[in-house]
Q: 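Below: one structure in structure tokens.
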Amino acid sequence: MSKAQPPKSAISPTRAEDYAEWYQQVVRAADLAETSPVRGCMVIKPWGYAIWENIQRVLDGMFKATGHKNAYFPLFIPKSFLEKEAEHVEGFAKECAVVTHHRLVAGKNGGLVPDPEAELEEPLIVRPTSETIIGAAFAQWVQSYRDLPLLINQWANVVRWELRTRLFLRTAEFLWQEGHTVHATAEDAREETLRMLGVYSTFAEQYLAMPVIRGPKTASERFPGAVDTYSIEALMQDRKALQAGTSHFLGQNFSKASGIRFLDAAGQQQLAWTTSWGVSTRLVGGLIMTHSDDDGLVLPPRLAPAHAVLWPVFRGDDTRAPILEAIEKLAQAMRAERFGDRAVEVETDLRDISGGDKQWEWIKKGIPLRIEIGPRDLASGSAMVMRRDRGPKEKESIPFAELPKRIPELLESMQRGLFEKALAFRDEQTHAIDDRQSFDRFFTPKSADKPEIHGGLALSHWCGRAECETAIKDALKVTVRCIPLHGIDGAKAAERLKEPGACIVCREPSQERVVFAKSY
RNA sequence: CGGGGCGUAGCGCAGUUUGGUAGCGCGCACGGUUCGGGUCCGUGAGGUCGGCAGUUCGAAUCUGCCCGCCCCGACCA
């Protein structure tokens, strides 16, 4: 075979060539997850799961800091529970896994079949979300206004029988947290809904380095059974929006369905007000699509499973021992430093494989810092430091004595740089569009057969009517992502929201712009 | 679930039209070589060709049914 030329990029195809395929290759090359023998379900591998663990750790701290406690509820939901809230049923019925038997027996042609004798009296649903089963518990727990607010979170897996799945972005089973709270008044519940939206938004921007727009969804995009649904929306590099977290004000719908009542200070029985909110392993997909490049995964340092990897470069046996010693010493010194809310985490890679392989493997895994020590470094008392947010061959020589102390600063600058880059990208792809013709052009690819990356966020006027929303969706597959609450960060787009105009479809008057985009 | 594509070694593929019982590259193991870099040479391990049934002396190859994956739609976090 002809001599293998190093490819121009470590991931093939590139983002521009085939974004969907690029995404899958990044996931694979970084060893984050793989498909499993179970339809629509993924195996999350250690490097990917460690990202999720970091997400969990940080969010869990934020939930506790806002007064929430963790609990755990059953995986199974009796069918009758799900039937209690009309809109909820309609929303989830079509994607539920159902358990009907509790025993298997040998079948006629070998193998196992459900025992007809062991059919359940009432089928159990594998939870697609837990409002109803948690509501039943809450009805018992809440008796008095003194029991409120009740602030509970659960870390769990849920199952939604999706027709088309993609690793992390949409899987049949996914991991998430779901917060469920009960309040004495509508105001308290609304405040909680927005508080948690704020927590998600802070987390997305400070940890995932993923700028988000927050605001309420339109009626058609609401969670089944919610009075109001709020979301954080992020823009991916293919210029499609990703709903990265949701927070719902459920009004009294689920209290009514589950009988969550309490006696107020005046001794009157009242229906409670509830909320729910959640983020899932989808955040990992969002992280990947926000920062990664044609060489693979790029990890924001705050959530990276490890911050740096050290490896030796040998040249002859006489330098071996002192280099290994220097590696170990430097790793220890680095581990004594802190970055954000945890110790600096360092891997050492002493595998006897070629330096090039090692280099590219860690690039594809997205580790923030790669550090190597060879004979020349040893002689000069320094190490070569390479950053994942710079070119693969850019190196900086830093003396051993200074390096550990500089790690937090380096990581911080990378974290900030990733956010700023993502923000600048979003700003570039965000446009105020006022006429339908420009709107259509914006969302129509030049090549129909093999659509190139196109579109972005359109800030346009909308009259608020569902039929105009549907018209856009049917024509262009573009939807209202949300109605921004606090404007949008980024210079150009910021001040264009709260101004009067005419609906992009029907030209009826509108008081503010909303965010339109194609989405995941 | 509709349209399209595809299932052959861990990964990427050839072989299927013209049936004769499996090959290439990468990866993996070992030896050497090289090494501030995705080395090069050699040796080797690894496959019930998605599954079941049929046609046939003989099936990766032909026929039927089923399963799964990917892309585009509908649905959705």
Q: Counting only Watson-Crick or G-U wobble pairs whose two distances fall under 3.5 Å, which nucleotide matches B:C6?
A: B:G68
Q: Which heavy atom of A:Ala30 sits nearest a heavy atom of A:Trp47, and at what distance?
A: O-CD1, 3.4 Å
Q: With a non-hydrogen cut-off below 4.0 angstrom, is A:Gly285 in contact with a base, only sugar-phosphate, or nothing?
A: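 Nothing: the residue A:Gly285, judged by heavy atoms under 4.0 Å, touches no strand.
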Q: Can you confirm whether or not the ring centre of A:Phe223 sits under 6.0 Å from the ring centre of A:Phe92?
A: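 They qualify: ring centres under 6.0 Å apart.
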Q: Send over the distance from A:Trp22 CH2 to B:C71 P, rounded to a whole Å.
A: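 Distance check: A:Trp22 CH2 to B:C71 P gives 14 Å.
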Q: Check the distance between B:G68's P and A:Glu34's CD and give it to me in whole angstrom.
A: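 In whole Å, B:G68 P and A:Glu34 CD are 19 Å from each other.
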Q: Considering every strand shown, what is the Watson-Crick or G-U wobble mate of B:C28 when both distances are under 3.5 Å?
A: B:G44
Q: Between B:G36, B:A77, B:U39, which nucleotide has the shortest distance from any of its atoms to the side chain of A:Asp357?
A: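 In terms of side-chain proximity for A:Asp357, the closest of B:G36, B:A77, B:U39 is B:U39.
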Q: Among A:Trp176, A:Phe249, A:Phe63, which residue satisfies the ring-ring contact (aromatic ring centres under 6.0 Å, His included) criterion with A:Trp277?
A: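 When ring-ring contact (aromatic ring centres under 6.0 Å, His included) is applied between A:Trp277 and each of A:Trp176, A:Phe249, A:Phe63, only A:Phe63 qualifies.
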Q: Does some side-chain heavy atom of A:Met386 sit less than 4.5 Å from a side-chain heavy atom of A:Gln359?
A: yes
Q: How many whole angstroms separate atom NZ of A:Lys240 from atom C1' of B:G73?
A: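 Taking NZ of A:Lys240 and C1' of B:G73, I get 12 Å after rounding.
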Q: Determine which nucleotide pairs with B:C1, using a 3.5 Å limit on both distances of a Watson-Crick or G-U wobble pair.
A: B:G73
Q: Report the distance from atom CG of A:Asp474 to atom C1' of B:G73, rounded to the nearest whole Å.
A: 12 Å
Q: Any side-chain N or O of A:Arg164 below 4.0 angstrom from OP1/OP2 of B:C72?
A: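 For B:C72, OP1/OP2 do have a side-chain N/O of A:Arg164 under 4.0 Å.
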Q: Mind checking A:Leu242 for me? I need base, sugar-phosphate or nothing, with any heavy atom below 4.0 Å counting as a touch.
A: nothing
Q: Does a distance-only test, which skips hydrogens and angles, find a donor-acceptor pair under 3.5 Å between the side chain of A:Gln359 and the base of B:G37?
A: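 Per atom types, the contact qualifies.
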Q: If the plane angle is over 60° it's perpendicular, under 30° parallel, otherwise tilted; pick one for A:Tyr19 and A:Trp22.
A: tilted
Q: Is a donor-acceptor contact shorter than 3.5 angstrom present between the side chain of A:Lys518 and the base of B:G73?
A: no
Q: Provide the Watson-Crick or G-U wobble partner of B:A22, both distances under 3.5 Å; none if there is no partner.
A: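 Its partner: none found.
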Q: Using heavy-atom distances to pick each residue's nearest nucleotide on RNA chain B, tell me which of A:Pro392 and A:Gln25 is more 5'.
A: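 Of the two residues, A:Gln25 wins.
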Q: Only pairs with both distances under 3.5 Å count, Watson-Crick or wobble alike; so what is the partner of B:G38 in this structure?
A: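 Base-paired to nothing in any strand shown.
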Q: Which heavy atom of A:Ala458 sits nearest a heavy atom of A:Phe439, and at what distance?
A: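 Smallest heavy-atom distance, with atoms named: CB-CE1, 3.9 Å.
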Q: B:U48 and B:A22: how far apart are their P atoms, nearest whole angstrom?
A: 12 Å
Q: When you measure from the side chain of A:Arg282, which nucleotide among B:G37, B:C75, B:A77 comes out closest?
A: B:A77
Q: OP1 or OP2 of B:C35 sitting under 4.0 Å from any side-chain N/O of A:Ser354?
A: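 For B:C35, OP1/OP2 do not have a side-chain N/O of A:Ser354 under 4.0 Å.
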Q: Any strand counts, and the cut-off is 3.5 Å on both contacts for Watson-Crick or G-U wobble. Which nucleotide pairs with B:U33?
A: none
Q: Provide the distance between the two P atoms, one in B:U43 and one in B:C66, to the nearest whole Å.
A: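 Looking at atom P only, B:U43 and B:C66 are 48 Å apart.
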Q: Just name whichever nucleotide pairs with B:A59, Watson-Crick or G-U, keeping both distances under 3.5 Å, else none.
A: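 Because no pair has both required distances under 3.5 Å, B:A59 counts as unpaired.
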Q: Measure from the side-chain heavy atoms of A:Arg166 and tell me the nearest of B:G37, B:A77, B:C71.
A: B:C71
Q: Using atom C1' in both nucleotides, what's the gap between B:U16 and B:U8 to the nearest angstrom?
A: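 Taking atom C1' in both B:U16 and B:U8, they lie 11 Å apart.
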Q: Between B:G73 atom P and A:Lys473 atom NZ, what is the distance in whole Å?
A: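 These atoms are roughly 12 Å apart.
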Q: Scan A:Lys393 against the nucleic acid and name what it touches under 4.0 Å (heavy atoms): base, sugar-phosphate only, or nothing.
A: nothing
Q: If you only use heavy atoms from C-beta on, which nucleotide in B:A77, B:G38, B:C70 is closest to the side chain of A:Ala10?
A: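 Nearest listed nucleotide: B:G38.
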Q: Nearest to the side chain of A:Thr171 - B:C70, B:A77, B:C11?
A: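 Closest nucleotide to the A:Thr171 side chain: B:A77.
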Q: At under 4.0 Å between heavy atoms, what does A:Phe174 touch on the DNA or RNA strands: base, sugar-phosphate, or nothing?
A: base
Q: Using a 4.0 Å heavy-atom cut-off across all strands, classify A:Lys477 as base, sugar-phosphate, or nothing.
A: sugar-phosphate
Q: Centres of the A:His180 and A:Phe254 rings: under 6.0 Å?
A: no
Q: Taking the same atom, C1', in B:G47 and in B:A9, what whole-Å distance lies between them?
A: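 Per the computed distance, 5 Å lies between those C1' atoms.
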Q: Could you tell me the separation between the NZ atom of A:Lys45 and the P atom of B:G10, rounded to a whole number of Å?
A: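 Whole-Å distance recorded here is 14 Å.
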Q: Between A:Ile11 and A:Ser519, which is nearer to the 5' end of RNA chain B once each is assigned its nearest nucleotide?
A: A:Ile11
Q: Give A:Arg376 one of three labels, base, sugar-phosphate or nothing, depending on what nucleic acid heavy atoms sit under 4.0 Å from its own.
A: base
